[in-house]
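Report on one structure; see the data block that follows.
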Amino acid sequence: MNTLRQQEFTRHQEERYSNYVNNPIKNENQVIEGYFQKEISQKAMAIRKVNKTLCGLLGIAVLVAFVSYYFAMSNELTLNKLSRQITTLNDENAELQNNLDRLKSFNNVDNKMMQYNMLTKAAKVIEVQAVNSAVPVVSQPTKTASFNWAVGY
């Protein structure tokens, strides 16, 4: 079995050699055929490293911007909600203040009336006979002032 492998191996090498002899290399300067990476200069490596660093920093800045935008929007929503509540409370307070002012004015009037004792019951009631008047009262329509026309507007 080992001999079979050796024979296949030697046959394969002979095919490669014969293929080389039949198709010689066209470019005389090239010694080895195949794809090989070119040597990267130190300048290119430094530029690549700076670019990767800047990309990382830009990614971090974008993430920070998204997070801060989220917090700003949540704070704005909270402020809008509080603003609506404050407006509602101010309207209620204005209505209550009007009611309070009205009650205070009634209370002030009542206190002044009690202070000057103007609303006391009469001590004595006098009854008077009805008197017929000789001349009936006729109401006359009131005259309005004459209208002065103006020229222009």
Side-chain angles (χ1 to χ4, degrees), residues 5 8-9 12-13 15-16 19-20 23-153:
R5 283 187 192 166
E8 284 179 16
F9 181 72
H12 182 64
Q13 281 182 342
E15 286 175 5
R16 282 181 50 196
N19 191 13
Y20 177 75
N23 298 323
I25 300 172
K26 294 178 183 174
N27 188 354
E28 298 295 326
N29 295 336
Q30 189 174 5
V31 178
I32 302 174
E33 290 183 15
Y35 175 75
F36 300 101
Q37 290 184 350
K38 291 184 179 179
E39 184 179 329
I40 301 173
S41 66
Q42 287 183 350
K43 181 180 178 182
M45 287 191 298
I47 290 172
R48 177 185 277 169
K49 189 176 270 190
V50 168
N51 283 342
K52 283 185 179 181
T53 305
L54 291 176
C55 284
L57 291 174
L58 181 63
I60 291 170
V62 167
L63 287 175
V64 167
F66 278 132
V67 169
S68 63
Y69 180 75
Y70 169 75
F71 283 116
M73 287 298 108
S74 65
N75 286 339
E76 186 173 345
L77 290 175
T78 305
L79 288 175
N80 286 341
K81 183 179 175 183
L82 290 174
S83 175
R84 283 192 298 272
Q85 288 176 352
I86 287 171
T87 304
T88 304
L89 287 175
N90 283 342
D91 291 342
E92 288 175 4
N93 283 345
E95 186 178 327
L96 291 173
Q97 186 65 42
N98 288 338
N99 288 340
L100 181 65
D101 291 342
R102 186 173 53 87
L103 291 174
K104 276 186 177 179
S105 67
F106 288 144
N107 192 23
N108 288 341
V109 169
D110 189 39
N111 286 340
K112 289 294 179 186
M113 290 301 219
M114 289 174 76
Q115 182 181 1
Y116 293 118
N117 209 6
M118 296 178 80
L119 295 176
T120 56
K121 282 188 175 180
K124 192 182 212 183
V125 178
I126 304 171
E127 291 186 18
V128 179
Q129 296 287 331
V131 178
N132 291 334
S133 64
V135 181
V137 177
V138 178
S139 63
Q140 293 182 350
T142 58
K143 290 187 177 181
T144 58
S146 63
F147 185 73
N148 293 329
W149 289 94
V151 178
Y153 307 142

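Atom set for the values below is all heavy atoms of this structure, side chains included, hydrogens, waters and symmetry mates excluded.
With hydrogens and angles disregarded, no donor-acceptor distance shorter than 3.5 Å links the side chain of S83 to the backbone of L79.
Summarising the geometry, atom CG belonging to D91 is positioned 12.0 Å from atom CD1 belonging to I86; distances are rounded to the nearest 0.5 Å. Considering CD1 of I47 and CE of M45, their distance stands at 11.0 Å, rounded to 0.5 Å. Interatomic distance, T87 OG1 to Q85 CD, rounded to the nearest 0.5 Å: 10.0 Å. Here L89 contributes atom CG and L96 contributes atom CG; the two are 10.5 Å apart, rounded to the nearest 0.5 Å. The line from CD of E92 to CD of E95 is 8.0 Å long, rounded to the nearest 0.5 Å.
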Would you sort out whether R102 and N98 count as a side-chain contact (heavy atoms from CB on, under 4.5 Å), showing the intermediate values? CA-CA 6 Å; R102 186 173 53 87; N98 288 338; over 6 Å; no
Could you go through Q97 and N93, starting from their C-alpha distance and side-chain angles, then the distance that decides it, and tell me whether this counts as side-chain hydrogen bond (donor to acceptor under 3.5 Å, both in side chains)? CA-CA 6 Å; Q97 186 65 42; N93 283 345; over 6 Å; no
